[in-house]
Amino acid sequence: MAKGIPTREEDYAQWYIELVKQADLAENSDVRGCMVIKPYGYSIWEKMQQALDKMFKDTGHVNAYFPLFVPKSMFEAEEKNAEGFAKECAIVTHYRLKNDPDNKGKLIVDPNAKLEEELVVRPTSEAIIWNTYKKWIQSYRDLPILINQWANVVRWEMRTRLFLRTAEFLWQEGHTAHATKEEAIAETEQMLDVYAAFAEEFMALPVIKGRKSENERFPGALDTYCIEAMMQDGKALQAGTSHFLGQNFANAFDVKFTSKEGKLEYVWGTSWGVSTRLIGALIMAHSDDDGLILPPKLAPIHVVIVPIFKTEEEFNRISDKANEIAKALRKQGYSVKYDNRDTQKPGFKFAEWELKGVPVRIAIGPRDLENGTVEVARRDTKSKQVIALAELEQSIPALLDDIQQNIYNRALTFRTNNTTAVNTYEEFKKVLAEKGGFVSAHWDGTPETEQKIKEETKATIRCIPLDAKEEEGKCIYSGQPSKRRVLFAQAY
RNA sequence: CGGGGUGUAGCGCAGUCCGGUAGCGCACCUGGUUUGGGACCAGGGGGUCCCAGGUUCGAAUCCUGGUACCCCGACCA
């Protein structure tokens with residue numbers, strides 16, 4: 001067990017917080033609710049960005065940047081959206097400070113510098129972007145617009161948790177405009193698929209694709225699609241959303257185009273996003289009581305090499321070998337760290353790199369030099385084997401692939417074992433209380449029923465799975481007829 | 001927004017009840033011995049005790065006010 005970190009069994013929430021700090025991913029800043037993302041944590045975000053950005057580009061999107069500030073009148077144009085975010089907005093009301101006449105060396109807000117109109121610090125960018133799209137779109141020839149933005153947003157959350165919910169967070173938000181409803185829906189679904197593929201292939205995180213119920217829908221959207229993942233405590237985490245906005249924002253911002261047929265029509269829209277919250281998901285889905293377990297495809301360091309030596313002469317010989325190995329692996333495209341610090345002992349380094357979730361560790365000592373071998377340890381299973389130097393260039397890629405696959409399988413098995421289908425409300429409550437996880441059940445489709453169930457069990461409808469098969473059933477709460485099962489869970 | 005907690009060395013904390021030279025562990029620095037799973041010994045450096053005011057000969061400690069952050073809930077990506 002890692003020093004200073006409770007086990008998941010003892011205190012899952014605390015385990016998570018401590019792990020984030022001890023693994024050097026992030027820390028709380030002195031600004032309420034805002035975190036400092038440290039280099040190691042940020043490099044995971046960079047890996048995510050690289051992979052996602054490529055997927056966005058491959059599906060025809062381009063990047064752009066829109067202002068951080070949104071004038072209040074612009075923000076409130078789409079009423080539902082504005083109302084949905086109103087209670088968590090930071091507002092800029094002044095543009096200047098001045099010396100405090102009563103308190104030397106201190107500053108006060110200059111009352112003469114009050115803004116004519118308040119600026120909302122964006123909690124999301126639909127308003128400013130649709131306000132801009134209005135100027136860009138006249139004809140069907142201007143469509144579609146397929147733009148993504150990498151940005152920070154601010155949501156003044158009551159309670160924050162590192163990565164999972166912070167007052168300011170980093171994300172990407174795609175905002176697209178289309179000539180037809182069908183095309184916009186296809187885009188919404190395409191991006192959901194992109195997110196699901198990213199989660200599964202890169203994060204090794206199995207997800208359920210589905211639609212949100214009315215209660216959980218994005219304010220201003222006609223339909224919200226999402227991917228839902230299960231954490232190791234059985235709680236659900238929304239890992240990405242893709243919204244079909246219909247013509248709501250086009251209406252609000254008067255964005256019209258002339259169709260091929262010469263008719264004036266409102267533009268159809270979508271928006272979709274994932275955030276640094278994914279780092280939280282990554283941690284909570286895979287890691288163990290010894291620290292992080294990172295999927296090789298997102299690990300900032302794939303392989304760490306730890307030398308074991310007594311004398312300087314030994315150290316030099318081992319370093320030669322280690323550098324040789326590092327060079328060869330780098331040539332294959334891997335990120336390799338040779339931990340040549342002579343200030344820490346091997347045991348310390350082993351524990352530290354395990355804490356940081358480096359997928360593969362290679363140890364080289366005098367024994368190995370003699371035998372032409374190295375010791376290779378994998379982080380996911382903590383197993384070790386001695387491998388001949390000559391085989392290393394073949395076995396490391398295979399090992400990394402295997403780790404990626406193994407942690408995916410592990411997460412999938414966990415989810416499968418913690419997903420329960422129930423047919424009565426009694427069973428439903430029992431499963432939630434005793435086992436947790438996802439509960440698949442029939443629901444009558446009304447917000448009232450969902451609300452009641454939430455009040456009584458804290459579980460919400462995470463999604464209506466896209467692949468839910470049609471079956472006749474009765475709502476576990478109201479007994480009304482239902483055509484398919486939906487997924488309930490307690491959520492982050 | 002409700003409840004709870006905490007601000008003392010870089011980090012984690014004790015000391016506060018009962019006022020009297022500011023301490024412990026880790027980390028850091030120096031030297032030595034160590035190095036195949038979180039080393040050991042010796043020596044050393046480091047503090048506006050969250051802020052402001054008050055009581056007192058004397059305040060980390062008592063009183064008043066403020067402030068910041070954290071944790072648990074409700075709300076939310």
Side-chain angles (χ1 to χ4, degrees), chain A residues 1-5 11 13-14 16-18 21-22 24 27-35 84-89 103 106 123-124 152-173 195 212 215-219 224 226-229 236-243 271-281 290-291 306-312 314-315 318 339 341-355 361-371 373-375 377 382 384 386 454-455 458 460 462 490-492:
Chain A
M1 188 187 98
K3 273 184 189 166
I5 305 181
D11 189 342
Q14 204 57 39
Y16 172 78
I17 291 169
E18 280 305 318
K21 291 182 185 170
Q22 308 256 352
D24 229 17
E27 63 189 34
N28 283 306
S29 70
D30 288 343
V31 184
R32 195 207 79 105
C34 296
M35 65 178 164
F85 285 102
K87 59 189 185 307
E88 51 192 55
C89 286
N103 206 343
K106 302 289 182 195
T124 180
N152 57 340
V153 286
V154 169
R155 296 183 186 176
W156 213 262
E157 300 290 351
M158 288 306 158
R159 186 159 117 63
T160 59
R161 293 184 78 187
L162 292 166
F163 288 119
L164 297 178
R165 186 172 302 107
T166 45
E168 180 193 15
F169 58 93
L170 304 183
W171 77 346
Q172 60 67 217
E173 45 181 330
Y195 287 153
K212 285 296 188 190
N215 282 355
E216 303 273 326
R217 192 175 293 156
F218 178 75
T224 287
C226 63
I227 51 173
E228 292 286 329
L237 186 99
Q238 180 174 306
T241 48
S242 184
H243 314 293
S271 67
W272 28 273
V274 297
S275 72
T276 36
R277 170 179 244 207
L278 289 182
I279 297 174
D290 293 314
V306 176
I308 295 152
F309 57 94
K310 287 194 169 66
T311 65
E312 199 178 328
E314 252 171 21
F315 174 68
I318 289 165
D339 187 354
R341 288 176 292 178
D342 60 357
T343 49
Q344 315 291 347
K345 292 178 54 174
F348 179 92
K349 293 178 181 177
F350 292 170
E352 181 170 275
W353 294 115
E354 276 162 12
L355 177 62
R361 181 186 72 230
I362 296 175
I364 314 177
R367 219 155 60 203
D368 297 301
L369 277 191
E370 217 166 287
N371 302 334
T373 59
V374 292
E375 181 193 80
K382 296 202 75 185
K384 301 181 216 178
V386 174
K454 183 180 179 180
E455 281 163 19
K458 288 185 182 170
T460 51
R462 298 324 303 156
Q490 293 180 5
Y492 276 99

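Numbers restart at 1 for each chain; the letters A, B, ... are given by sequence-line order, proteins then strands.
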Using purine N1 to pyrimidine N3 plus N6-O4 or O6-N4 for Watson-Crick, or N1-O2 and O6-N3 for G-U wobble, both under 3.5 Å, which nucleotide pairs with [N]?
N: B:rC40; value: B:rG32
N: B:rG47; value: none
N: B:rA27; value: none
N: B:rG73; value: B:rC1
N: B:rA68; value: B:rU6
N: B:rU56; value: none

Looking at [X] and [Y], would you say the former's side chain and the latter's main chain have a donor-acceptor pair under 3.5 Å?
X: A:K212; Y: A:F218; answer: no
X: A:T166; Y: A:G33; answer: no
X: A:Y16; Y: A:L162; answer: yes
X: A:T276; Y: A:L170; answer: yes

Quantified in whole Å, what is the [atom1] atom distance between nucleotide [N] and nucleotide [M]?
N: B:rU21; M: B:rC26; atom1: C1'; result: 26 Å
N: B:rG53; M: B:rG44; atom1: P; result: 38 Å
N: B:rC50; M: B:rG12; atom1: P; result: 14 Å
N: B:rA22; M: B:rU48; atom1: P; result: 14 Å
N: B:rG20; M: B:rU67; atom1: C1'; result: 30 Å
N: B:rG23; M: B:rG58; atom1: P; result: 22 Å
N: B:rU61; M: B:rC69; atom1: P; result: 23 Å
N: B:rG54; M: B:rU8; atom1: P; result: 24 Å

Nucleotide N/O of nucleotides 25-33 of chain B paired with protein N/O under 3.5 Å:
none

Detail all sub-3.5 Å separations between protein N/O atoms and N/O atoms belonging to nucleotides 39-46 of chain B.
unit_1, atom_1, unit_2, atom_2, d
B:rA39, O4', A:K345, NZ, 3.4

For the pair [X] and [Y], find out whether any cationic side-chain nitrogen is under 4.0 Å from an anionic carboxylate oxygen.
X: A:E168; Y: A:R155; value: no
X: A:R341; Y: A:E352; value: yes
X: A:E228; Y: A:R462; value: yes

Let me know, please, whether A:P366 or A:Q238 comes out on the 5' side of the other along RNA chain B by nearest nucleotide.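 Residue closer to the 5' terminus by nearest nucleotide: A:P366.
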For A:F218 and for A:F309, find the nucleotide of RNA chain B with the closest heavy atom, then tell me which residue's nucleotide is more 5'.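 The 5'-side residue here is A:F309.
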A:S271: which residues meet the side chain to side chain donor-acceptor pair (under 3.5 Å) condition with it, sequence neighbours left out?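 If we apply the side chain to side chain donor-acceptor pair (under 3.5 Å) test to A:S271, skipping adjacent residues, the hits are A:E126.
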Determine the minimum heavy-atom distance between A:T241 and A:C226, stating which atoms define it.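 Heavy atoms of A:T241 and A:C226 come nearest at CG2-CB, 4.1 Å.
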Shortest non-hydrogen contact from A:I308 toward A:A363: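 Smallest heavy-atom distance, with atoms named: CD1-CB, 3.9 Å.
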Using a cut-off of under 3.5 Å, enumerate the N/O to N/O pairs linking the protein to nucleotides 69-76 of chain B.
unit_1, atom_1, unit_2, atom_2, d
B:rC69, OP1, A:R32, N, 2.6
B:rC70, OP1, A:N28, OD1, 3.3
B:rC72, OP2, A:R159, NH1, 2.4
B:rC72, OP2, A:R159, NH2, 2.6
B:rC75, OP1, A:K454, NZ, 3.4
B:rC76, OP2, A:K454, NZ, 3.3
B:rC76, O2', A:E157, OE2, 3.2
B:rC76, O2, A:R165, NE, 2.2
B:rC76, O2, A:R165, NH2, 3.3
B:rC76, N3, A:R165, NE, 2.7
B:rC76, N3, A:R165, NH1, 3.4
B:rC76, N3, A:R165, NH2, 2.3
B:rC76, N4, A:R165, NH2, 3.2

With a 4.5 Å heavy-atom cut-off, do [X] and [Y] have their side chains touching?
X: A:N28; Y: A:K21; result: yes
X: A:E157; Y: A:E88; result: yes
X: A:D339; Y: A:W353; result: yes

At less than 3.5 Å, do the side-chain atoms of A:K384 and the base atoms of B:rG36 form a donor-acceptor pair?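 No, no donor-acceptor pair under 3.5 Å.
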Please determine whether any donor N or O and acceptor N or O are separated by less than 3.5 Å between the side chain of A:E352 and the base of B:rG37.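 Answer no: no donor N or O sits under 3.5 Å from an acceptor.
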Can you list the steps and then say if A:L355 with A:I5 is a side chain to side chain contact (heavy atoms under 4.5 Å, CB included)? CA-CA 10 Å; A:L355 177 62; A:I5 305 181; 3.7 Å; yes
Report yes or no: is the cationic atom of A:R165 (NZ for Lys, CZ for Arg) under 6.0 Å from the centre of the six-membered ring of A:Y492, at an angle within 45° of the ring normal?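 Judged by the rule (NZ or CZ under 6.0 Å from the ring centre, within 45° of its axis), A:R165 is not positioned above A:Y492.
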Between atom [atom1] in [X] and atom [atom2] in [N], what is the gap in whole Å?
X: A:E314; N: B:rG36; atom1: CD; atom2: C1'; answer: 11 Å
X: A:I5; N: B:rG38; atom1: CD1; atom2: C1'; answer: 13 Å
X: A:D339; N: B:rG37; atom1: CG; atom2: P; answer: 16 Å

Base, sugar-phosphate, or nothing for A:E173, non-hydrogen atoms under 4.0 angstrom?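 Contact class for A:E173: none.
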Any residue meeting ring pair (Phe, Tyr, Trp, His ring centres under 6.0 Å) with A:W171, in chain and number order, not counting sequence neighbours: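 Partners of A:W171 under the ring pair (Phe, Tyr, Trp, His ring centres under 6.0 Å) test: A:F169.
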Pairwise N/O distances under 3.5 Å, protein to nucleotides 7-14 of chain B:
none

